[in-house]
Amino acid sequence: MTTPLGSVPTARTGASALSAPSPHGYDVGLLLLRLAVGLTMAAHGSQKLFGWFDGPGLDGTGQFFTASGYPAGHAMAVVAGLTETLGGLGLVLGLLTPLAAAALVGTMINALAVKWGGGFFAPKGVEYELLLTASAAALALTGPGRYAVDRLLPVLKSHRLLYGVAALVLAVVVAGIMLLVRD
């Protein structure tokens, strides 16, 4: 005999229903992770694009990219800012989640390459970037959960691991190309 979700087990239904996994718990957890990672990355992107939240704006970010060895620093600032902002907002909404998460992974791979060598712990280390990278990769692989716009899209309604893997492969390839053009 099965106990419906949300009901309290009785002696008749058995205590095993207490330990049964809750699909809604997973979905709320994925929503929370999407909101945290997505809003964090969207805020970072808006710092680059618009100078919001005490950010450097396009000019300052472009100078940073040039100093970090990337060609066309201003163009790279636009790409990074748009990728972080749109990828972050995509995660928040759960819209095209594998691609949104992969966009963030690709950006964070480049951030890791720039900061590598400063140790693990902040402020010079890579712990923050690694956490964001792993979180975005996890979302690409798990999917957004039920509370997402993707649930309304026929192709993405039921997330497939293959979508996440393909998106992450794309992220690694594009990030690798960007690192190859860096001095």
Side-chain angles (χ1 to χ4, degrees), residues 5-6 21-58 60-61 64 76-116 118-153 156-172 174-175 178:
L5 285 176
S22 166
H24 293 288
Y26 296 133
D27 294 324
V28 170
L30 288 170
L31 174 63
L32 180 61
L33 183 59
R34 284 189 1 248
L35 290 173
V37 174
L39 289 173
T40 298
M41 293 304 297
H44 276 281
S46 66
Q47 284 182 306
K48 290 173 178 65
L49 290 174
F50 311 116
W52 295 353
F53 310 113
D54 295 322
L58 285 175
T61 304
F64 171 79
M76 295 304 253
V78 171
V79 169
L82 286 173
T83 301
E84 291 178 8
T85 302
L86 297 177
L89 293 176
L91 279 189
V92 167
L93 296 172
L95 176 63
L96 304 174
T97 303
L99 290 176
L104 299 179
V105 168
T107 300
M108 295 313 298
I109 287 171
N110 275 268
L112 284 163
V114 169
K115 283 193 78 175
W116 201 260
F120 179 73
F121 295 104
K124 294 183 181 184
V126 295
E127 65 179 326
Y128 177 69
E129 290 80 5
L130 279 173
L131 181 62
L132 288 172
T133 305
S135 298
L139 286 167
L141 295 172
T142 62
R146 273 189 263 205
Y147 309 123
V149 175
D150 282 354
R151 297 283 294 174
L152 305 174
L153 303 174
L156 295 175
K157 186 173 184 168
S158 61
H159 182 77
R160 307 251 190 288
L161 178 62
L162 179 62
Y163 299 160
V165 171
L168 290 175
V169 167
L170 177 64
V172 170
V174 172
M178 296 311 301

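Predicted model only: the values in this text are computed from it and were never measured.
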Spacing of Leu99 atom CG and Leu170 atom CG [to the nearest 0.5 Å]
7.5 Å
Side-chain donor/acceptor of Ser46 to backbone N/O of Ala43, under 3.5 Å:
yes
Indicate the atoms forming the closest heavy-atom contact of Ala137 with Val105, along with that distance.
N-CG2, 3.6 Å
Check whether any side-chain heavy atom of Arg34 sits under 4.5 Å from a side-chain heavy atom of Leu139, and report yes or no.
yes
All heavy atoms of Thr97 vs all of Gly143, minimum pair found to be CG2-C, 4.4 Å
Closest non-hydrogen contact found for Tyr128 with His44 is OH-NE2, 2.8 Å
Who are the ring-ring contact (aromatic ring centres under 6.0 Å, His included) partners of Tyr26, not counting sequence neighbours?
none
Looking only at heavy atoms, which two atoms of Ala100 and Gly87 are closest? And how far apart?
CB-O, 3.5 Å
For the CE atom of Met76 and the OG1 atom of Thr83, what is their distance to the nearest 0.5 Å?
9.5 Å
Testing the basics here: between Gly38 and Leu91, what is the closest heavy-atom pair and its distance to 0.1 Å?
CA-CB, 4.0 Å
To the nearest 0.5 Å, atom CD of Glu84 lies from atom CG of Leu49 at 8.5 Å
Any donor-acceptor pair under 3.5 Å from Lys115 side chain to Gly125 backbone
yes
What's the spacing between Lys48 NZ and Thr61 OG1 if we round to 0.5 Å?
6.0 Å
Fit a plane to each ring of His24 and Tyr147, take the angle between them on a 0 to 90° scale, and name the class: parallel (under 30°), tilted (30 to 60°) or perpendicular (over 60°).
parallel
If you define the side chain from C-beta out and look only at heavy atoms, does anything of Leu130 sit under 4.5 Å from Phe120?
yes
Taking all non-hydrogen atoms of both residues into account, name the closest pair between Asp150 and Pro144 and its distance.
OD2-CG, 3.8 Å
Quick check against the 3.5 Å criterion: does Gln47 have a side-chain atom that pairs as donor or acceptor with the backbone of Phe53?
yes
Side-chain heavy-atom pair Leu35, Leu31 within 4.5 angstrom cut-off
yes
So, do Leu104 and Leu132 sit near enough that their side-chain heavy atoms are less than 4.5 Å apart?
no
State the CG-CG distance between Leu162 and Leu141, to the nearest 0.5 angstrom.
11.0 Å
For the backbone of Ala122 and the side chain of Glu127, can you confirm whether one donor and one acceptor N or O come within less than 3.5 Å of each other?
yes
Indicate yes or no: at least one non-hydrogen side-chain atom of Val114 is less than 4.5 angstrom from one of Phe64.
yes
